[in-house]
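Lettering of chains follows the sequences in order, A, B, ..., and the numbering in each one begins at 1.
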2 protein chains.
Amino acid sequence: MGTATGGRCTWIPRTRPAGSRLYLEGAPAERVWYLKEGTVVLSRANGAGATTRWTLRRPGDLLAPEALVSTGYADTAEALTPVTMCGMARTELDRWLGPTGSPSRTLLSLVLKTRCEETPRRASADGTSTRRLAQWILDEARGGEAPRVPRKVVADLLGMLPETLSRALAKLQAAGAVKADRRTIRVADVDALLRAAGEAQEDTDEDPDPAAETAAP
Amino acid sequence: MGTATGGRCTWIPRTRPAGSRLYLEGAPAERVWYLKEGTVVLSRANGAGATTRWTLRRPGDLLAPEALVSTGYADTAEALTPVTMCGMARTELDRWLGPTGSPSRTLLSLVLKTRCEETPRRASADGTSTRRLAQWILDEARGGEAPRVPRKVVADLLGMLPETLSRALAKLQAAGAVKADRRTIRVADVDALLRAAGEAQEDTDEDPDPAAETAAP
DNA sequence: CGCCCTGTTGACAAAGGTCAACTAGCGTGG
DNA sequence: CCACGCTAGTTGACCTTTGTCAACAGGGCG
């Protein structure tokens with residue numbers, strides 16, 4: 001590892017108390033951190049109003065690497081314990097990484113892009129089967145058509161059985177949201193589909209999050 | 001993107017028919033591919049005997065980037081359609097990427113490491129709540145103790161409610177697998193825990209997978 | 001010392017898994 | 001070219017698991 005570990009890095013070390021929000025999903029992604037001490041949990045809004053915590057970060061992990069390929073943070077990070085982290089401004093990091101277009105930077109970008117796109121899906125072990133299916137279709141459809149993969153595969157990807165998928169799809173068809181035959185699924189009514197994907201916790205108001213969390217400065 | 005896109009790459013293009021296995025989880029990771037055409041599904045054995053398909057790869061995605069940081073493939077890849085992909089041997093890629101220890105390579109390694117470790121967890125939207133909890137504890141425990149995070153956080157990470165988590169934990173304690181108080185969970189009996197994590201589809205024999213899939217050469 | 005927050009336990013309802021029968025499309029072979 | 005059989009997908013009935021709602025307990029902090 002070398003450069004990033006060992007403490008004698010050019011990155012700026014900093015400590016934050018337990019409970020603090022380190023960065024917010026959607027905010028301009030200006031910094032990347034290397035986590036030296038403590039535990040951090042990442043959460044992400046999952047299409048519907050709800051927010052899901054989906055993974056932990058521990059010492060040695062990188063926080064917000066997406067800053068390199070995206071303009072906004074992909075997750076909200078919350079310290080579960082007091083943390084020590086080394087931060088670096090995105091622009092500085094950019095310089096540090098060397099010329100764009102170098103093989104390793106190209107690869108880095110590719111990997112990060114893929115990672116950013118797929119993680120949100122990961123989150124949802126929640127929501128009704130119909131809702132998950134609707135979200136998947138919205139995510140995956142290109143030109144109004146979902147990928148032509150066997151039903152069994154779709155079911156696996158969504159963590160449900162083919163039978164359940166079949167029923168969920170039937171519901172979406174009944175609602176007029178999609179039109180499906182044995183091997184294709186096409187979007188018939190985006191609004192209806194969005195409704196199916198979002199509906200449920202529609203009552204859950206945005207959780208205004210009254211500061212409270214941030215401990216002593 | 002430049003280097004990797006556009007077709008005029010140093011990578012060796014190759015086509016494979018629908019249904020073929022492109023590489024196998026656990027096999028020595030010798031190549032990395034750039035997917036140019038087609039759809040690929042990745043699956044991974046999830047602790048218990050079962051195997052879960054967890055994500056799709058489409059044109060423009062990288063296949064098996066873990067080859068750079070791991071000796072074995074992390075997933076099994078299966079072509080859902082005929083595919084065209086550009087492969088490169090790990091050693092050659094290694095040379096192409098330039099000196100180890102350069103900032104961008106260091107970062108690339110970090111990101112890949114994190115990615116490899118966290119994806120398996122993603123898979124499991126399946127299994128009973130007790131089983132998922134057992135797997136999580138096995139995954140996360142360091143020195144016989146699971147991370148000290150609030151129950152609510154653990155529940156979120158596992159996609160269940162605090163109530164359900166509480167019941168699942170009670171079962172594991174009843175089985176003598178763990179010992180937990182209000183804020184810690186420590187492993188009491190690894191074997192019992194492994195049994196709890198694996199049990200269920202114990203009848204599911206290994207799916208010998210009788211060729212069948214591979215289409216015409 | 002008492003309140004509040006987090007976690008636990010209980011009873012009930014609903015979503016989804018299970019098992020099983022049935023249908024449709026496709027490929028194969030006569 | 002048609003018929004047959006096979007596999008993937010659909011539908012139905014039932015049962016387990018988990019989410020829901022609610023009451024309660026234990027620790028920590030004021």
Below 3.5 Å, can you tabulate the donor-acceptor pairs from side chains in residues 57-64 of chain A to any protein atom, sequence neighbours excluded?
from: A:Arg57; atom 1: NH1; to: B:Glu118; atom 2: OE1; distance (Å): 2.9
from: A:Arg57; atom 1: NH2; to: B:Glu118; atom 2: OE1; distance (Å): 2.9
from: A:Arg58; atom 1: NH2; to: B:Glu140; atom 2: O; distance (Å): 2.8
from: A:Arg58; atom 1: NH2; to: B:Glu140; atom 2: OE1; distance (Å): 3.0
from: A:Asp61; atom 1: OD2; to: A:Arg58; atom 2: N; distance (Å): 2.9

Open item on the list: Checking B:Glu145 now: which residues fulfil salt bridge (charged side-chain N to carboxylate O under 4.0 Å, His left out) with it, not counting sequence neighbours?
Closed with: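 Result, salt bridge (charged side-chain N to carboxylate O under 4.0 Å, His left out) vs B:Glu145: B:Arg148, B:Arg186.
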Task: Any residue meeting salt bridge (charged side-chain N to carboxylate O under 4.0 Å, His left out) with A:Arg53, in chain and number order, not counting sequence neighbours - done: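 Residues passing salt bridge (charged side-chain N to carboxylate O under 4.0 Å, His left out) with A:Arg53: A:Glu78, B:Asp156.
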Task: Short side-chain N/O contact from B:Ser129 to OP1 or OP2 of D:dT17, under 4.0 Å - done: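 For D:dT17, OP1/OP2 do not have a side-chain N/O of B:Ser129 under 4.0 Å.
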Open item on the list: Strictly below 4.0 Å: does A:Thr128 bring a side-chain N or O up to OP1 or OP2 of C:dG16?
Closed with: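 Answer is yes, contact under 4.0 Å.
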For [X] and [N], give me the distance from atom [atom1] to atom [atom2], rounded to whole Å.
X: A:Leu161; N: D:dA13; atom1: CG; atom2: P; result: 19 Å
X: B:Arg148; N: D:dG28; atom1: CZ; atom2: C1'; result: 16 Å
X: A:Leu158; N: C:dG16; atom1: CG; atom2: C1'; result: 14 Å
X: B:Asp156; N: C:dG7; atom1: CG; atom2: P; result: 11 Å
X: B:Leu133; N: C:dG7; atom1: CG; atom2: P; result: 14 Å

I'd like to know if the side chain of [X] reaches the main chain of [Y], judged simply by a donor and an acceptor atom lying under 3.5 Å from each other, with no hydrogens or angles considered.
X: A:Thr76; Y: A:Glu25; value: yes
X: A:Tyr34; Y: A:Met88; value: no
X: A:Ser20; Y: A:Leu22; value: no

TODO: Work out how much the helix from C:dC1-D:dG30 to C:dG30-D:dC1 bends between its end axes, five pairs an end, to the nearest 10 degrees.
DONE: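 Comparing the first five pairs with the last five, the axes sit 40° apart.
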Task: Spatial distance of atom CD (B:Gln135) from atom CG (B:Leu194) [nearest 0.5 Å] - done: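 B:Gln135 atom CD to B:Leu194 atom CG measures 10.0 Å (nearest 0.5 Å).
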- [ ] Return each pair, listed once, that meets side chain to side chain donor-acceptor pair (under 3.5 Å) where at least one residue sits in residues 162-180 of chain A; pairs must be two or more places apart or across chains.
- [x]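 Sorted pair list comes back empty.
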Identify all pairs in which a protein N or O lies below 3.5 Å from an N or O of nucleotides 8-12 of chain D, and state each distance.
from: D:dA8; atom 1: N3; to: A:Arg182; atom 2: NH2; distance (Å): 3.4
from: D:dG9; atom 1: OP1; to: A:Arg151; atom 2: N; distance (Å): 2.8
from: D:dG9; atom 1: OP2; to: A:Lys152; atom 2: N; distance (Å): 3.4
from: D:dT10; atom 1: OP2; to: A:Ser166; atom 2: OG; distance (Å): 3.2
from: D:dT10; atom 1: O5'; to: A:Ser166; atom 2: OG; distance (Å): 3.1
from: D:dG12; atom 1: N7; to: A:Arg167; atom 2: NH1; distance (Å): 3.0
from: D:dG12; atom 1: O6; to: A:Arg167; atom 2: NH2; distance (Å): 3.2

